[in-house]
Amino acid sequence: MRWYDWVVAASAAIGGLLFGYEIGIMAQVLEQESFGCLMGYLDCTQEDIKLTASGSFDKGLLMAVFQLGCIPGAFSMALFLDQIGRKRAICMGALLYLLAGSIQAASTGWIMTLCGRIIGGLGIGALSSVVPLYISEVAPTEIRGRLTTMMQLMVTIGIAIANAINAVLSAIDFTSDSETPWRIALGLEAALGLLLFVCMYLLPASPRWLMLRGKEAKALQALSNLRREPQHSPNVQEGYHEVKQSVEQARAIGEGTWKQLFTLPGIKNRALLAMALQMFQQLTGINAVMYYCTSMFQDMNLGADAANYASVANAVVNIVGTFPGMWGIEHLGRRRLMVYGGLLQAAALWLTTILLNVNTTLEDGRLPYWRLICAVITIFVFVFAFASSWGPVVWVYQSEIFPLRFRPKGTGAATMTNWTMNAIITFAWPSIQVQLGTWQFAVFGVTGIIMALFVMFFVPETKGKTLKEMDTVFGSSNTLSEKAADVPYKTSY
């Protein structure tokens with residue numbers, strides 16, 4: 001019953017919604033004067049409130065500590081995921097996010113907020129590593145890629161929800177120095193964490209993990225629950241034997257080590273490729289745009305209200321753009337989407353740069369209004385291109401290229417790379433914005449071209465490949481090749 005497959009995937013992918021909400025809400029909270037004054041990056045002693053001397057650094061640090069927390073969160077999953085299980089790991093991530101939201105909503109200053117953001121990062125780091133893996137293991141083969149992209153779709157929905165909540169709170173007549181709007185906004189993180197915990201508590205555990213732990217009867221029951229068929233039905237029995245065979249093969253080969261991940265022929269190239277793709281995903285510039293979109297639009301001389309409206313529209317474009325990616329990942333393939341995405345993102349940002357910087361000023365120093373509108377549209381095109389390509393594809397790609405024995409460590413290493421680059425860019429970007437102004441978009445215009453070329457020359461297509469075919473595509477040691485049967489790697493159960 002396909003409807004239940006989508007319900008399971010969407011429920012687990014609420015983990016992505018939490019991250020999206022974090023991106024969207026902090027982009028808005030950072031611009032609120034009462035929050036900036038409490039955190040100390042705004043000088044509120046004068047009538048003309050402005051950034052302190054270290055204001056850009058402080059804003060970047062406040063954002064980056066979240067990503068720094070994500071790194072050990074993802075790493076812990078690489079170490080302990082097979083011991084604690086996918087379902088339990090997601091529940092733990094949800095509880096950490098709930099705690100983080102509560103701490104930030106009640107914050108009395110800089111230290112308390114930093115602690116809340118680090119705890120939230122631990123939770124999101126764990127979720128970003130586990131959720132795509134859980135979905136790929138419980139999803140039916142023929143729609144596995146599409147269901148795994150639910151993670152990215154929920155990220156975009158989370159961003160849109162955050163922008164909508166900010167718009168509602170902005171419309172309420174609070175006093176100018178009120179802390180209520182951002183405390184409500186951050187407190188809702190706790191509610192979303194509770195929602196994920198409840199949903200995951202009601203879902204089945206991964207049959208593959210249950211089999212791995214020797215719980216064969218529970219694995220059969222989980223398969224029956226997932227497929228909405230009796231345990232004795234042919235579909236459930238077929239899935240059960242496939243899972244059992246794949247787990248027995250993984251046990252025969254033995255668990256992969258960290259040293260083997262980066263030294264074993266046919267494995268180290270997969271690890272390095274997954275890490276490179278996650279690095280490039282951040283070098284698209286998407287999180288710099290999404291985290292700081294409000295201030296970016298203000299740098300383009302849009303008014304405060306217009307910048308907020310543009311941010312909401314940007315979030316909607318992000319959602320809409322994900323749907324072509326969900327279709328294209330199974331029809332066009334992973335590689336083609338990444339090439340198209342890199343080139344279109346680069347073209348959009350170069351157009352943005354030209355519109356904002358080349359022979360555009362009027363006598364009073366402002367940009368012509370039509371140029372501003374066109375520049376905003378090119379930003380929307382950039383976001384659409386990312387959402388339909390590099391956003392969902394990279395997560396799907398890394399979840400399917402590793403053999404079972406290396407899957408937790410391989411996906412963990414790649415996810416840590418993502419969060420490390422995310423932290424670096426998030427921390428540095430406020431200062432880069434100040435230095436480069438509207439030329440900032442050219443930076444990611446260059447990286448978009450580089451990443452498209454990288455995919456063209458170094459990234460093989462993996463759509464529909466079996467485990468044995470993956471070994472052919474990436475190469476493999478004799479030990480792996482001899483022990484790996486031609487079991488479809490895309491067998492999700």
Margin query: Is there a side-chain contact between L99 and Q104 in this structure, where contact means two heavy atoms from C-beta onward sitting under 4.5 Å apart?
Written below: no
Item checked: Nearest heavy-atom neighbours spanning I84 and A89 -> CD1-CB, 3.8 Å
Margin query: Tell me if the CZ atom of R336 is crowded by more than 12 foreign heavy atoms within 6.0 Å.
Written below: no
Notebook entry, point to check: Closest approach of A423 and A64, non-hydrogen atoms and distance?
Noted result: O-CB, 3.7 Å
Note to self: Could you check whether any side-chain heavy atom of Y21 comes within less than 4.5 Å of a side-chain heavy atom of N163, counting everything from C-beta outward?
What the structure shows: no
Check: Do S388 and W327 come close enough that some side-chain heavy atom pair is under 4.5 Å?
Finding: no
Checklist line | Where P204 and Y134 come nearest, the two heavy atoms and their spacing | finding: O-OH, 2.6 Å
Next item on the list: Please lay out, stage by stage, how M338 and F454 fare under the test side chain to side chain contact (heavy atoms under 4.5 Å, CB included).
Entry: CA-CA 10 Å; M338 286 190 283; F454 177 83; over 6 Å; no
Check: Residues two or more places apart in sequence or in another chain: which of them pass side-chain contact (heavy atoms from CB on, under 4.5 Å) with Y41?
Finding: L30, F35, M39, L51, D58, K59, L62
Notebook entry, point to check: If we only count heavy atoms from C-beta on, is the V155 to L17 side-chain gap below 4.5 Å?
Noted result: no
Next item on the list: Report the distance from atom CD1 of I161 to atom CD1 of I25, rounding to the nearest 0.5 Å.
Entry: 10.0 Å
Check: Which value, rounded to the nearest 0.5 Å, describes the distance between R86 atom CZ and L210 atom CG?
Finding: 10.0 Å
Next item on the list: Measure the spacing between CZ of R407 and CD1 of I401 and express it to the nearest 0.5 Å.
Entry: 11.5 Å
Margin query: Can you classify the ring geometry of F57 versus F427 as parallel (below 30°), tilted (30 to 60°) or perpendicular (above 60°)?
Written below: perpendicular
Notebook entry, point to check: Which atom pair, heavy atoms only, marks the closest approach of A222 to P207?
Noted result: CB-CG, 4.1 Å
Notebook entry, point to check: For the residue pair L226 and D5, what are the closest heavy atoms and their distance?
Noted result: O-OD1, 3.8 Å
Notebook entry, point to check: Do T415 and Q398 have a side chain donor and acceptor closer than 3.5 Å?
Noted result: yes
Notebook entry, point to check: If you round to the nearest 0.5 Å, how far is OG of S206 from NZ of K87?
Noted result: 11.5 Å
Margin query: I'd like to know whether T378 forms a side chain to side chain contact (heavy atoms under 4.5 Å, CB included) with C374, so could you lay out the CA-CA distance, the side-chain angles of the two residues, the decisive distance to 0.1 Å, and finally the verdict.
Written below: CA-CA 6 Å; T378 58; C374 290; 5.6 Å; no
Checklist line | Minimal non-hydrogen separation, W419 against A74, with atom names | finding: CD1-CB, 4.3 Å
Next item on the list: Using modelled atom types only, decide if a donor and an acceptor are shared between the side chain of Q282 and the backbone of I425 within a distance under 3.5 Å.
Entry: no
Checklist line | Distance-only polar pair, side chains of T353 and W439, donor-acceptor under 3.5 Å | finding: no
Check: Would you say L133 and L81 make side-chain contact, with heavy atoms under 4.5 Å?
Finding: yes
Checklist line | Between CG on residue L277 and CE on residue M451, distance to nearest 0.5 Å | finding: 9.0 Å
Item checked: Side-chain touch W182/L169, heavy atoms, less than 4.5 angstrom -> no
Checklist line | Test item: S102 side-chain N/O and L98 main-chain N/O as donor-acceptor pair under 3.5 Å | finding: yes
Next item on the list: Might you work through the side chain to side chain contact (heavy atoms under 4.5 Å, CB included) test for R117 and T113, ending with a clear yes or no?
Entry: CA-CA 6 Å; R117 291 189 59 69; T113 301; 4.2 Å; yes
Margin query: Quick check: do L95 and M92 have side-chain heavy atoms less than 4.5 Å from each other?
Written below: no
Margin query: Test your reading of the model: is there a side-chain donor-acceptor pair from S129 to the backbone of G125, 3.5 Å cut-off?
Written below: no
Note to self: For a quick check under 3.5 Å, do E400 and T462 share a side-chain donor-acceptor pair by atom type?
What the structure shows: yes
Next item on the list: For residues V376 and L372, determine if any side-chain heavy atom of one lies less than 4.5 Å from a side-chain heavy atom of the other.
Entry: no
Item checked: W390-F382 aromatic ring centre distance below 6.0 Å -> no
Checklist line | Value rounded to 0.5 Å, distance of CD1 in I124 from SG in C70 | finding: 6.5 Å
Next item on the list: Go through the steps for L18 and E189 under the test side chain to side chain contact (heavy atoms under 4.5 Å, CB included), then give the verdict.
Entry: CA-CA 7 Å; L18 303 188; E189 291 185 353; over 6 Å; no
Item checked: Charged tip of R334 within 45° of Y397 ring normal and under 6.0 Å -> no
